[in-house]
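Remember, predicted model here, so these are calculated numbers, not experimental data. We name chains A, B, ... by the order of the sequence lines, and we start the count at 1 in each one.
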Number of protein chains: 2
Amino acid sequence: MQSQTGYVILGLLSIEGNQSGYDIRRTIQGSVGYFWGESYGQIYPALKKLAAEGLIEPANSPQRTGAKSPVRRGGRKTAGGRPDRRAYSLTPAGRARLQEWLAQPFRVDPPRDEFLLKLFFGREAAPGVSVEHVRDFQQRNRRLLRTFEEIGRIGRAKNANHPHFRFWILTLEYGVAQIRAGLRWSEGALKELESMEKPAGRGQRKARQ
Amino acid sequence: MQSQTGYVILGLLSIEGNQSGYDIRRTIQGSVGYFWGESYGQIYPALKKLAAEGLIEPANSPQRTGAKSPVRRGGRKTAGGRPDRRAYSLTPAGRARLQEWLAQPFRVDPPRDEFLLKLFFGREAAPGVSVEHVRDFQQRNRRLLRTFEEIGRIGRAKNANHPHFRFWILTLEYGVAQIRAGLRWSEGALKELESMEKPAGRGQRKARQ
DNA sequence: ACACACATGTAATTGGTTACATGATTTC
DNA sequence: GAAATCATGTAACCAATTACATGTGTGT
């Protein structure tokens, strides 16, 4: 079944090979991380398993930044000191497996959104609490929107002719659309929440910033 | 820390008491389930823990549908047969704890969206695959939109003067806004994906880098 | 007669995060 | 000289789903 993490790794290695667990983690953070996160605790075991199944293989070129010894010194861990970089690339079998997975219908796991949950129970909360949450929501989303726009700008400048580019842009645009819709919604929501707390008048001494 | 599940339960019991684990599960499915799911495996242990901490307590009225013996027969399990209904209500301490939690900033756990992930790697997929996924996405979202609209209609008719109503509607409207944005995005996405596969014409059954 | 809703709980398993161990090299 | 980055991996823990066990009452 391969635990999904495996497929993310296959996918990333299909775009660029010769990547280590560390690299993969970083690549994720700057790209798919916005809708799909992975941690070391998942990545390293997954790499091992993929290699054992012959879907990935150790890559040739070391490509250390500039260290003095690109030589593999021991086994997996140079006793003491920075461990050797262990990079991998996709095998043909790995690419085939990736394609198989891509062709299967995507599964949707139900989202868990604590913001909406708290808003849903907003009536129980002390006055001002829900307004505060919506403000927080706005702030996060505005920041995220700026980030996405920045990613788009850089991407268009650097990768515009990369063969994957249009797919990347599609996912980015999806994110942007979602955020914009959320922000538009939040305007109305804020107004409504404020109007719900005002008219009652005095009882709301805890409406802090 | 109370594991969040506990708070959902507190929240639901704050709206309506005298609910069993079974009831709570069903209530969730018709309401917060669209953005927050819980399974029996979480609910029953959580109920036990909440009761042990005095945040909820066994409710008085049995309210069995129409069974002949609303009497508690033994302990937790009537040896053989349908187990006794064990309903709970919120205690004042429970309500206080709920309010505390509501006032704290919501945490955002990163979403895991397999649809976007597959679209991101769409270049690697066989032709037609991504288009297919987007169509699937559209179908699901159209259905969901109808469901949400239905929920809104029923809600407005039945609960319009329920004190929690406006908060519920806010979360519902959020969902509707997200779905609409997704559907609008998908129109453009479909067109682009289709145009990507048409023009190249024949030679592209394995279009890899 | 059959299926489905009622009803509670536990156990097994998977999935995933966080913290730990370890220390050299690069950058400010 | 301090701080961040490079780099791999394991262990402990937490969260959550699924399957199992059990069988009656209700509606078609």
How long is the line joining CD1 of B:I43 and P of C:dG9, in whole Å? 12 Å

5'-most contact on DNA chain C: B:P110 or B:G41, nearest heavy atom basis? B:G41

Phosphate OP1/OP2 of D:dA15: any A:R112 side-chain N/O under 4.0 Å: no

For A:F167 and B:S130, which heavy atoms make the closest approach, and how far apart are they? CE2-OG, 3.8 Å

Tell me the interatomic distance from B:Y44, atom OH, to C:dC6, atom P, rounded to whole angstroms. 12 Å

Quick check, are the ring centers of A:W168 and B:F121 under 6.0 angstrom apart? no

What is the separation between atom CG on A:D84 and atom C1' on C:dA24, rounded to the nearest whole Å? 12 Å

Checking all strands, does A:G21 fall into the base, sugar-phosphate, or nothing category for heavy-atom contacts under 4.0 angstrom? sugar-phosphate

Measure from the side chain of A:R85, starting at C-beta and using heavy atoms only, and say which of C:dA7, D:dA7, C:dG16 lies closest. D:dA7

Atom-pair distance (CG on B:N18; P on C:dA7), nearest Å: 11 Å

A:Y40 six-ring face occupied by A:R25 cation (under 6.0 Å, within 45°): yes

Just to confirm, is there a sub-4.0 Å distance from OP1 or OP2 of D:dT8 to any side-chain nitrogen or oxygen of A:Y22? no

If you check the B:S39 side chain, which of C:dG16, D:dT17, C:dA7 turns out closest? D:dT17

Ring centre gap for A:F115 and A:H133 strictly below 6.0 Å: no

Whole angstrom is fine here: how far is it from CG in B:D109 over to C1' in C:dT17? 12 Å

Measure the distance from OH on A:Y7 to C1' on C:dG16 and round it to the nearest whole Å. 18 Å

Please check the phosphate of C:dT10 (OP1 and OP2 only) for any side-chain N or O of B:K48 closer than 4.0 Å. yes

Which atom names give the shortest non-hydrogen contact between B:T91 and B:G54, and what distance separates them? OG1-O, 2.7 Å

Of the candidate nucleotides C:dG16, D:dA15, D:dT8, which contains the atom at the shortest distance from the side chain of A:S20? D:dT8

Could you check whether B:R25 gets within reach of a base, just the sugar-phosphate, or nothing at all, counting any heavy atom under 4.0 Å? nothing

Measure from CG on B:L47 to C1' on C:dT10 and round the result to the nearest Å. 15 Å

Roughly, in whole Å, what's the span from CG in A:D23 to P in D:dG9? 13 Å

Between C:dG9, D:dA7, D:dA15, which nucleotide has the shortest distance from any of its atoms to the side chain of B:S3? D:dA15

